[in-house]
Number of protein chains: 2
Amino acid sequence: MSTAVVINHRARSAEQKALRRHVVIEAAETYFGEVGYEAFSMAQLAKRSGVAKGTIYLYFKTREDLFLSLYEQSLTRWSHIFIGYLSKSISSEVYAETLYDTALADGTLLPLLIRLEHIIEHNVEIHSLIRSKRVFISEVKRIAEPTSTSLKLSQAQAIEIVKTLGVLLITATRVDQGPALDNEELPNDVQELIASFSSKPFFVKNAIRIIECIRTEATSNA
Amino acid sequence: MSTAVVINHRARSAEQKALRRHVVIEAAETYFGEVGYEAFSMAQLAKRSGVAKGTIYLYFKTREDLFLSLYEQSLTRWSHIFIGYLSKSISSEVYAETLYDTALADGTLLPLLIRLEHIIEHNVEIHSLIRSKRVFISEVKRIAEPTSTSLKLSQAQAIEIVKTLGVLLITATRVDQGPALDNEELPNDVQELIASFSSKPFFVKNAIRIIECIRTEATSNA
DNA sequence: AACTTAACTGACCGATGGTCAATTATATAG
DNA sequence: CTATATAATTGACCATCGGTCAGTTAAGTT
């Protein structure tokens, strides 16, 4: 068995630092799942991580830098799960539904993805931004390969589909990020509007359209 | 000529209150155009509007309530402009390009639309939310009518297209909301990634796909 | 045991959105 | 014209936020 890494009071070695970072990020994900992005406070996170606030800023430059790391982690985790569901041949519909279901099952990925460009990326260092973009590129490629097999498309078509559906996924779930309209205090016309954007049917419908369009655009690569 | 509405010190009549609200909202739009959403401060807005901070809260319940009103105003304004560009017969491509160009020309609409569900709607009163959704319904219908003529589609198809392209627009312009990467300090692979999501080609390409798909889905209404 | 290094702490800072008792402009009544 | 009532306006004030940094001290080195 491997040597267990422990931290007495101070994280001195690189391994110990990685462990401490990991502890903070795990606490952050749990806390984030409870309160969401806006109510997430660094002081609270410090308490829940068992360290002082200043310590968190030794491991993450800013609040957004922390969220960027959390995003990378959840993206990578989801992509492995999604790929695990892809068999050697599936329909566009099943593909789209699986993509949607697995992404929504992860409570962290979409809330961060939706805030990525216009909030998170605006307060991180450029090297973090580059690292994050490279994680994205890498995961797109990773997913494109089994996508190519499952949907019987070229590699280029598969990449196009993964990128496009990734963007579409964000919009399809926007309505789920709206306020919880628990009781039915909304008038019928407004309820119908919200229902018409109900994210899964909306996403699947348009995903199929796009997949089939790309499939027929056989000779479109310059 | 109509009687000019003026406010000496206090807005007493309904007309005067409407005028004061208008003055604040106009100042807000200018200020918003200068600093964007996150840096927008209510104290600064008060100074620029020539009233005290407390006064603003007499006219808008919260910061988000103010932004919701600004969103409604910019949505309505844009829809009239967009409709003005629709002639009795245009191609899918021109339609998509016009929609994109007019929406981007408005500096207020997209930055607010992108934050609508997951930020703005979470801190407004339910009656404001309902009013806002109804403005949306109304503008979709208003746009759908000339869309139906221009693209030679049924009314139902036109509504479907307007709603879907609206969502697509948000996703496509997400990349424009990222940090300004002025100088070319980004490595090539990352630059290529960002370029591949360049918003106008991305939007137009997928908009055409969706329009043409909907066009061929002739008998899909349940 | 003495010294050095650097991980860690938390009081502190400026700024934020939002509140409300006090103020006072203005319409109305006498 | 004056007195009174009403309500629009104000800005000091509050809790809380993300972020900082001088000081503390755990732990490796000599």
Side-chain angles (χ1 to χ4, degrees), chain A residues 5-25 27-28 31-32 35-70 115 119-125 128, chain B residues 5-25 27-28 31-32 35-70 115 119-125 128:
Chain A
V5 179
V6 291
I7 304 173
N8 191 357
H9 291 100
R10 309 254 165 133
R12 304 283 303 213
S13 69
E15 277 178 334
Q16 286 174 321
K17 287 186 187 181
L19 174 60
R20 173 140 289 172
R21 200 183 142 96
H22 181 254
V23 165
V24 172
I25 252 197
Y31 178 37
F32 179 63
V35 302
Y37 193 91
E38 279 71 29
F40 187 104
S41 134
M42 294 299 271
Q44 260 300 313
L45 173 63
K47 280 187 187 168
R48 298 179 60 138
S49 306
V51 297
K53 191 163 64 161
T55 304
I56 292 185
Y57 283 92
L58 295 174
Y59 290 87
F60 302 94
K61 261 273 172 184
T62 62
R63 182 178 185 262
E64 287 74 25
D65 189 54
L66 168 72
F67 280 123
L68 193 65
S69 292
L70 202 48
R115 292 165 173 91
I119 301 179
I120 297 174
E121 288 184 358
H122 279 273
N123 201 11
V124 299
E125 290 189 314
S128 300
Chain B
V5 179
V6 292
I7 304 172
N8 192 358
H9 291 100
R10 307 253 165 132
R12 305 282 303 215
S13 68
E15 277 178 336
Q16 286 175 320
K17 287 186 187 182
L19 174 59
R20 173 141 288 172
R21 198 185 144 96
H22 181 253
V23 165
V24 172
I25 250 194
Y31 177 37
F32 180 63
V35 303
Y37 194 91
E38 279 71 27
F40 187 105
S41 133
M42 295 299 271
Q44 260 301 313
L45 173 63
K47 280 188 187 167
R48 298 179 60 139
S49 306
V51 296
K53 191 163 64 160
T55 304
I56 292 186
Y57 283 92
L58 295 175
Y59 291 86
F60 302 95
K61 261 271 171 185
T62 62
R63 183 177 184 263
E64 287 73 25
D65 189 54
L66 168 72
F67 280 123
L68 192 65
S69 292
L70 201 48
R115 292 166 173 90
I119 301 181
I120 297 175
E121 288 184 356
H122 279 273
N123 201 12
V124 298
E125 290 188 314
S128 300

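Within the 4.5 Å cutoff, the side chain of B/L19 has heavy atoms near those of the B/V23 side chain. Side-chain atoms of B/V51 and B/R20, non-hydrogen and from C-beta on, do get closer than 4.5 Å to each other.
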Quick tally for nucleotides 24-30 of chain D: nucleotides whose base has a protein heavy atom under 4.0 Å get B, sugar-phosphate-only ones S, the rest -, giving -BBS---

Each nucleotide of nucleotides 12-18 of chain D classed B (base within 4.0 Å of a protein heavy atom), S (only sugar-phosphate) or -, in 5' to 3' order, makes -----SB

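Rounded to whole angstrom, the span from the CZ atom of B/R21 across to the P atom of D/dT9 amounts to 14 Å. As rounded to whole Å, 19 Å separates atom P of C/dG17 from atom NE2 of B/H122. Rounded to whole Å, the distance from CG on B/L45 to P on C/dG18 is 12 Å. Taking atom NZ on A/K17 and atom C1' on C/dC8, their separation rounds to 12 Å, with Å as the unit. Summarising the geometry, the separation between CG on A/L58 and P on C/dT5 is reported as 19 Å, rounded to the nearest angstrom. What separates CZ of A/R20 from C1' of C/dT9 is a distance of 12 Å, to the nearest Å.
Taking CZ of B/F32 as the start and CG of B/L45 as the end, the distance is 12.0 Å to the nearest 0.5 Å.
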Do B/I119 and B/F67 pass the side-chain contact (heavy atoms from CB on, under 4.5 Å) test, and can you show the C-alpha distance, the side-chain angles, and the key distance before you say yes or no?
-> CA-CA 10 Å; B/I119 301 181; B/F67 280 123; over 6 Å; no

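Residue A/Y59 places no side-chain N or O under 4.0 Å from the OP1 or OP2 atom of C/dA7.
Ion pairing of B/R115 with B/E38 is present here, as a side-chain N (NZ or NE/NH1/NH2) and a carboxylate O approach within less than 4.0 Å.
Counting only distance, with no hydrogens or angles, the side chain of B/T62 and the backbone of B/N123 share a donor-acceptor pair below 3.5 Å. A side-chain donor-acceptor contact under 3.5 Å links B/R21 to the backbone of B/Y59.
Within a 6.0 Å sphere centred on CD of A/E15, other residues, nucleotides and ligands contribute 12 heavy atoms or fewer.
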